[in-house]
Amino acid sequence: MTSKNLLEEYDKKRDFKKTHEPKPVYDNSKRTNEHRFVVQEHHASILHFDFRLENNGVMKRSIPKGPSLNPRDKRLAIMVEDHPIPYMNFEGKIPDGEYGAGEVRTWDIGTYESLDDIDIDKGIEQGKLTFILHGKKLQGEFHMIRSRFRANQRANQWLLMKKKDGYANENFLLERILNYGSRQDLQSSVDTKTNKKRQRQSTVTSSEPQVKKCS
């Protein structure tokens with residue numbers, strides 16, 4: 001499968017005349033794997049954290065709803081379309097009306113080591129990945145397993161879990177970079193502040209003494 005095949009869905013979902021997200025680069029001669037990973041805080045219609053592993057020139061695609069260092073946590077991960085390598089350095093606002101509209105910030109970035117005897121593509125096919133993360137926030141061994149709780153669950157639903165090791169933390173609390181959740185939360189906050197400002201202005205205006213004009 002070529003890079004163009006891998007990034008075709010990513011390309012179709014975006015209008016690069018409107019969004020500043022990286023454009024796909026179709027050059028198989030430059031396909032390398034430096035075993036990098038990135039976690040991006042994405043304030044779209046629903047706040048989520050995009051977690052990607054570099055493999056064969058693309059970021060292999062999953063979205064945990066916030067990673068955790070607590071081995072007790074089983075975080076849902078949804079497999080999505082591949083992204084180009086430059087996306088791991090992307091930060092900024094995806095314009096309204098575009099796919100994934102909202103603010104994107106880098107939550108963590110680093111490298112990973114695969115602990116599987118097979119490559120990542122084969123691991124995805126078999127439904128299990130094991131790797132060590134070397135990030136600024138996420139470190140140690142993790143497992144990603146395809147969810148099999150219900151027969152009607154889609155094949156793209158996975159679970160991300162932290163192995164109990166020296167980096168595990170049962171008191172882990174995820175801290176966001178931006179102080180709001182989804183785009184709706186941000187808009188609600190803006191509307192609330194605007195309404196309060198208008199109320200204060202109305203109160204000041206109504207409390208001002210009225211000067212009676214002399215005829």
Side-chain angles (χ1 to χ4, degrees), residues 10 13-14 19-22 33-55 58-96 98-114 120 124 129-145 147 156-189:
Y10 172 89
K13 289 182 176 180
R14 291 161 176 85
T19 180
H20 295 296
E21 295 169 277
N33 189 1
E34 299 180 26
H35 295 90
R36 293 172 290 181
F37 84 92
V38 66
V39 180
Q40 291 166 316
E41 184 176 314
H42 191 173
H43 295 256
S45 56
I46 298 176
L47 171 65
H48 59 274
F49 291 76
D50 297 331
F51 173 59
R52 314 185 196 283
L53 300 176
E54 178 184 5
N55 182 55
V58 296
M59 304 303 294
K60 302 305 290 189
R61 60 261 187 216
S62 59
I63 308 181
K65 303 299 181 179
S68 177
L69 290 173
N70 187 345
R72 298 176 182 270
D73 293 336
K74 296 179 179 180
R75 296 297 173 92
L76 177 65
I78 307 297
M79 303 295 281
V80 296
E81 78 276 5
D82 291 320
H83 283 52
I85 292 299
Y87 208 99
M88 68 187 308
N89 296 315
F90 172 73
E91 287 190 305
K93 183 177 181 180
I94 301 173
D96 292 343
E98 286 299 293
Y99 179 77
E103 293 282 349
V104 176
R105 292 291 184 273
T106 300
W107 189 86
D108 196 17
I109 193 167
T111 60
Y112 75 94
E113 299 176 53
S114 175
I120 287 183
I124 291 174
L129 298 172
T130 305
F131 45 85
I132 296 175
L133 296 181
H134 302 285
K136 296 178 180 179
K137 298 177 181 178
L138 299 179
Q139 296 193 43
E141 186 172 333
F142 287 79
H143 302 282
M144 189 176 287
I145 301 173
S147 175
N156 67 344
Q157 294 188 357
W158 293 58
L159 296 175
L160 177 68
M161 296 169 287
K162 178 75 184 76
K163 179 180 174 60
K164 194 169 184 178
D165 58 16
Y167 295 103
N169 179 5
E170 294 188 356
N171 298 314
F172 176 82
L173 292 175
L174 187 146
E175 295 183 1
R176 298 195 304 241
I177 296 174
L178 300 180
N179 61 357
Y180 65 93
S182 66
R183 285 186 294 125
Q184 285 88 341
D185 295 336
L186 176 61
Q187 188 59 49
S188 297
S189 176

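As a basis for the values below, the full set of heavy atoms in this structure was taken, side chains included, without hydrogen atoms, waters or symmetry mates.
Contact of the Lys164 side chain with the Glu170 side chain is registered, since non-hydrogen atoms from C-beta on lie closer than 4.5 Å. In this structure, the side chains of Arg75 and Lys162 stay at 4.5 Å or more apart for every pair of heavy atoms. Between Glu21 and Val104 there is no side-chain heavy-atom pair separated by less than 4.5 Å. Within the 4.5 Å cutoff, no side-chain heavy atoms of Gln40 are placed close to those of Ile109. Side chains of Phe142 and Asp165 form no contact here, defined as non-hydrogen atoms less than 4.5 Å apart. Using a 4.5 Å cut-off on side-chain heavy atoms (C-beta onward), Tyr10 and Val58 make no contact. Considering only heavy atoms from C-beta on, Ile78 comes within 4.5 Å of Leu76 through its side chain.
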Practice item. Would you please test Lys163 and His143 for side-chain contact (heavy atoms from CB on, under 4.5 Å) and show each step? Key: CA-CA 7 Å; Lys163 179 180 174 60; His143 302 282; 3.9 Å; yes
Point to revise | Audit row: Tyr167, Leu133, side-chain contact (heavy atoms from CB on, under 4.5 Å) steps and yes/no | key: CA-CA 10 Å; Tyr167 295 103; Leu133 296 181; over 6 Å; no
**Study point:** Intermediate values then yes/no, side-chain contact (heavy atoms from CB on, under 4.5 Å), Glu34 and Thr111
**Key:** CA-CA 8 Å; Glu34 299 180 26; Thr111 60; over 6 Å; no
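Of all the heavy atoms in Ser147 and Leu159, the pair that sits closest is CB-CG, 4.4 Å. Across every non-hydrogen atom of Ala168 and Pro71, the tightest pair is CB-CG, 3.6 Å. Contact detail for Asp96 and Ala101: the closest heavy-atom pair is CA-CB, 3.9 Å. Residues Val38 and Met59 share a closest heavy-atom pair of CG1-CE, 4.2 Å. Taking each heavy atom of Trp107 and Pro67 in turn, the nearest pair found is CZ3-CG, 3.7 Å. Between Pro84 and Pro22, the shortest heavy-atom contact is CG-O, 4.0 Å.
Without hydrogens or angle criteria, Glu41 side chain to Ile177 main chain gives a donor-acceptor distance under 3.5 Å. In terms of modelled atom types and a separation under 3.5 Å, the side chain of Glu91 and the main chain of Thr106 share a donor-acceptor contact.
Within a 6.0 Å sphere centred on NE2 of His134, heavy atoms belonging to other residues, nucleotides or ligands number more than 12. For Lys13, the NZ atom counts as densely surrounded, since its 6.0 Å shell holds more than 12 non-hydrogen atoms of other residues, nucleotides or ligands.
Note that CG of Asn55 and CD1 of Ile124 are 7.0 Å apart. Values are rounded to the nearest 0.5 Å. In this structure, CD1 on Ile120 lies 8.0 Å from CZ on Phe131, to the nearest 0.5 angstrom. To the nearest 0.5 Å, atoms CD1 (Ile85) and CZ (Arg52) are separated by 10.5 Å. Arg105 CZ to Leu178 CG: the interatomic distance, rounded to the nearest 0.5 Å, is 5.0 Å. Put simply, CG on Asp73 and CG on Leu160 are 10.0 Å apart, with the number rounded to the nearest 0.5 Å. Rounding to the nearest 0.5 angstrom, the gap separating the CZ atom in Phe51 from the CG atom in Asp108 is 9.5 Å.
Between Arg14 and Glu81 there is a salt bridge, since a side-chain N of the basic residue sits under 4.0 Å from a carboxylate O of the acidic one.
Between His42 and His48, the ring planes lie tilted relative to each other; the angle falls in the 30° to 60° range. Ring geometry, Tyr87 versus Phe90: the interplanar angle falls from 30° to 60°, so the pair is classed tilted.
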